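Note sheet for the following structure.
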Amino acid sequence: MSIDLEGPRLQTEAAQALAEAARELFVKKGFSATSVSDITERVDMSVGSLYYHYGSKTNIYLAIWLKYQRSQEARARETVLAVRAAGVTNGLRLFLAGTRAYLLGAWEHRDVVRMVADGDTPPGFGLRMRRINQDWLRQNAALLRGNPHLFEQDDALGVRAMVAIVTDAMGGICREVAACASREEAEELVARAIDVFARLANVPSNLYQPDSRPQVHGRELPFPA
């Protein structure tokens, strides 16, 4: 059974209740130790209900993670578009804006990050994550190539190296953010990470330090307009 997050079966209250129960159990017990009956008993439903909506325990796990990933990508994309609309054209600033938004999203969805952190995941999950990361890398590379002040135009390898370093580091930083004891600690950790990334690119601090920030949907943007 393929996973269609917009499909009618996954839009029902029953499907959402199953996903909520599964997420709590996966975080608490891990994927392997959680059974289908554990999930359905938690919400007083039949085992057949889970199979009807999701097809398998693996699929409900993937649905939870895909929903998180889509939310993260939308959050980063929304931030980049808003910063660009505010007049920022520098590729690195756009890149760091999206990266910061993504990392802060890891705090807001820390239970899902913790769900995958210990590696107790369904078969093939790692491959799917690598494919998603490759897509993320390509998007980030496009942003950096649009920044004439970051690298010389002929330094394509420099752009690839910068994006690869940041992309590969994202998973580990997200896990550290999710492990923070408070939002304040998470925000400070994210700020330090953005500072490190900017230093890797040898960019002056005034390109990425926040000042008075415009807002989008009630959230402050990562950079001044």
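Note that the numbering runs from 1 along the sequence shown for the chain. Predicted, not measured: the structure shown is a model, and the values here were computed from it.
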When you compare the side chain of Val177 with that of Val113, does any pair of heavy atoms fall below 4.5 Å? no
From Glu20 atom CD to Leu25 atom CG, the distance as rounded to the nearest 0.5 Å: 10.0 Å
Does a sphere of radius 6.0 Å around NZ in Lys29 hold more than 12 heavy atoms from other residues, nucleotides or ligands, not counting ones at 6.0 Å or beyond? yes
How about Phe125 and Phe31: are their ring centroids closer than 6.0 Å? no
Indicate yes or no: at least one non-hydrogen side-chain atom of Thr99 is less than 4.5 angstrom from one of Met170. yes
Pair Ile39-Phe26, side chain to side chain contact (heavy atoms under 4.5 Å, CB included): steps then yes or no: CA-CA 9 Å; Ile39 298 169; Phe26 291 148; 4.1 Å; yes
Drop me the distance from Ser32's OG to Asp118's CG, to the nearest 0.5 angstrom. 9.0 Å
Is there side-chain contact between Val116 and Tyr61, with heavy atoms separated by less than 4.5 Å? yes
Main-chain N/O of Ala178 paired with Arg114 side-chain donor or acceptor, under 3.5 Å: yes
Quick one: CD1 on Ile173 to CD1 on Ile194, what's the gap to the nearest 0.5 Å? 8.0 Å
From Thr12 OG1 over to Leu10 CG, what is the distance, rounded to the nearest 0.5 angstrom? 7.5 Å
Is a donor on one side and an acceptor on the other found under 3.5 Å between the side chain of Arg75 and the backbone of Ala101? yes
Approximate separation, where rounding is to 0.5 Å, of Glu187 CD and Trp107 CH2: 9.5 Å
Does anything in residues 40-59 form a salt bridge (Lys or Arg N to Asp or Glu O under 4.0 Å)? List the pairs, not counting sequence neighbours. Glu24-Arg42
Without hydrogens or angle criteria, can the side chains of Ser35 and Ser37 be said to hold a donor-acceptor pair below 3.5 Å? yes
Does Leu50 share a hydrophobic cluster with Val47, counting links as ILVMFWY side-chain heavy atoms below 4.5 Å and allowing steps through other members? yes
Give me the atom names and distance for the closest heavy-atom approach of Ala22 to Ile64. CB-CD1, 3.9 Å
List in chain and number order the residues that pass side-chain contact (heavy atoms from CB on, under 4.5 Å) with Ile165, two or more places apart in sequence or in another chain; answer none if no residue qualifies. Leu200
With sequence neighbours excluded, what pairs up with Glu176 under the side-chain contact (heavy atoms from CB on, under 4.5 Å) test? Leu189
Excluding sequence neighbours, so at least two apart, what forms side-chain contact (heavy atoms from CB on, under 4.5 Å) with Ser46? Ser49
Please check: side-chain N/O of Tyr54 versus main-chain N/O of Ala15, any donor-acceptor pairing under 3.5 Å? yes
How many angstroms lie between CG in Leu18 and CE in Met45, if you round to the nearest 0.5 Å? 4.5 Å
Identify the two heavy atoms, one from Thr58 and one from Pro122, that lie closest to each other, and give their separation to 0.1 Å. CG2-CB, 3.6 Å
Applying side-chain contact (heavy atoms from CB on, under 4.5 Å), can you list everything that pairs with Gln11, at least two apart in sequence or on another chain? none
Are Leu94 and Leu81 joined in one hydrophobic group, where the rule is that I, L, V, M, F, W and Y side chains link up if heavy atoms are under 4.5 Å apart? no
Tightest non-hydrogen contact, residues Ala106 and Gln72, listed as N-NE2, 3.5 Å
So, using ring-ring contact (aromatic ring centres under 6.0 Å, His included) as the criterion, who are the partners of Tyr102 when residues are at least two apart? Trp136
I'd like to know if the side chain of Asp195 and the backbone of Arg192 have a donor-acceptor N/O pair within less than 3.5 Å. no
For a quick test of reading the model, state the closest non-hydrogen atom pair linking His53 to Ala14 and the distance between them. CE1-CB, 3.8 Å
Smallest separation among heavy atoms of Ala33 and Asp38, with atom names: O-OD2, 3.7 Å
Ignoring hydrogens and angles, tell me if any N or O in the side chain of Ser71 forms a donor-acceptor pair with the backbone of Lys67 under 3.5 Å. no
Minimum heavy-atom separation for Ala97 to Thr79, with atom names? O-CG2, 3.7 Å
Is a side-chain donor or acceptor of Arg9 paired with a backbone partner of Tyr52 at a separation under 3.5 angstrom? yes
Would you check if Met115 and Asp111 make a side-chain contact, meaning some heavy-atom pair closer than 4.5 Å? no
